[in-house]
Amino acid sequence: MDFLDLLLQYLQPTSVALVVIALVWNYGRRNPTKKLAPEASGGRPIMGHLHLFNDGELTHRKLGVVADTYGPVFNIRFGTHKTLVVSDWEIVKECFTTNDKLFSNRPGTLGIKLMFYDADSVGYAPYGAYWRDLRKISTLKLLSNHRIDTIKHLRSSEVESCFESLYNQWKNGEKCGEFGPVRMDSWLGDLTFNVVARIVAGKKNFSANRDVGAQRYKAAMDEAMRLMRFFAFSDVIPSLS
């Protein structure tokens, strides 16, 4: 396995159940008078602590072991980026309430930069006047109680349609004795996609539509989601961009 494969393996997205990770760029320079959390030992030049996550153990378990040594708040380095790891719910609450502005920016990746107009969407734009304007528009025009109530029937319709499709699949399978397990991740993904497509594009059962254009659109969205999870060298070592 070459260096690229190793790096991508370290950076595969993992379900974090017990440990909350908050990325804080230039944490020390932004807070020169603040006492910094301790840094875990074992870091290496350039790669930081990436090599510690190459033994197949789940990320949150590995970080939990480190927390047993350094306490509920400590630093590790993913490449050149310093990362604050918090495993105490009271501290997490303080991070996202009292000090929420310090943690409001998200780390940019090459995939997000290229697909979201240099991270200009509300989900990835840095905190500031532009982001606040986007949030205001989203809150008033997309997520207001009135707007959500007006599209309630679309969500209900798609949920009923997906359950009907699942029932028909079981019914047809029972007749020929070939009905097997259902992949719930795919089923729930189609349900979510149908709801969004119905609201945005007005298409009913968009993902089930055999129209070539509809299938190409869904394939493009699936590929976009895959690329959003992809990490390039420059995501952790900017000098290699």
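Counting heavy-atom neighbours within 6.0 Å of Y117 OH, excluding the residue itself, gives a total of 12 or less. Atom NZ of K62 sits in a crowded spot, with more than 12 heavy atoms from other residues, nucleotides or ligands closer than 6.0 Å. Within a 6.0 Å sphere centred on CE of M228, heavy atoms belonging to other residues, nucleotides or ligands number more than 12. Heavy-atom neighbours of I46 CD1 from other residues, nucleotides or ligands within 6.0 Å: at or below the threshold of 12.
In this structure the side chain of L63 reaches within 4.5 angstrom of the side chain of F53, judged on heavy atoms.
Remark: of the listed residues I76, N75, T83, N75 is the sole one forming a side chain to side chain contact (heavy atoms under 4.5 Å, CB included) with E39. For the pairing with E158, the side chain to side chain contact (heavy atoms under 4.5 Å, CB included) check across T192, V196, V195 returns one residue only, V195. Shown are L142, I151, N194; of these, the side chain to side chain contact (heavy atoms under 4.5 Å, CB included) with I199 is made only by I151.
Although no hydrogens or angles enter the test, the distance criterion places a donor-acceptor pair under 3.5 Å between the side chain of S144 and the main chain of R147. For the pair S157 (side chain) and H153 (backbone), a donor-acceptor distance under 3.5 Å is absent. At distances below 3.5 Å, at least one donor-acceptor pair connects side-chain atoms of D88 with backbone N or O atoms of I91. Of the possible polar contacts, one joining the T139 side chain to the R135 backbone as a donor-acceptor pair under 3.5 Å is found. Without hydrogens or angle criteria, H51 side chain to G42 main chain gives a donor-acceptor distance under 3.5 Å. Judged purely by atom type and a 3.5 angstrom limit, H49 uses its side chain to pair as donor or acceptor with the backbone of A40. Between the T80 side chain and the V236 main chain, a donor and an acceptor come within less than 3.5 Å of each other.
Ion pairing of K136 with D133 is absent here, as no side-chain N (NZ or NE/NH1/NH2) approaches a carboxylate O to less than 4.0 Å. Between E223 and R226, at least one side-chain nitrogen of the basic residue sits less than 4.0 Å from a carboxylate oxygen of the acidic one, meeting the salt-bridge criterion.
Under the 30°/60° scheme for interplanar angles, the aromatic rings of W170 and Y167 are found to be tilted.
Taking the six-membered ring for Trp and the full ring otherwise, the centers of W187 and F163 sit less than 6.0 Å from each other.
Closest approach of D235 to T109, counting heavy atoms only: OD1-CA, 3.1 Å.
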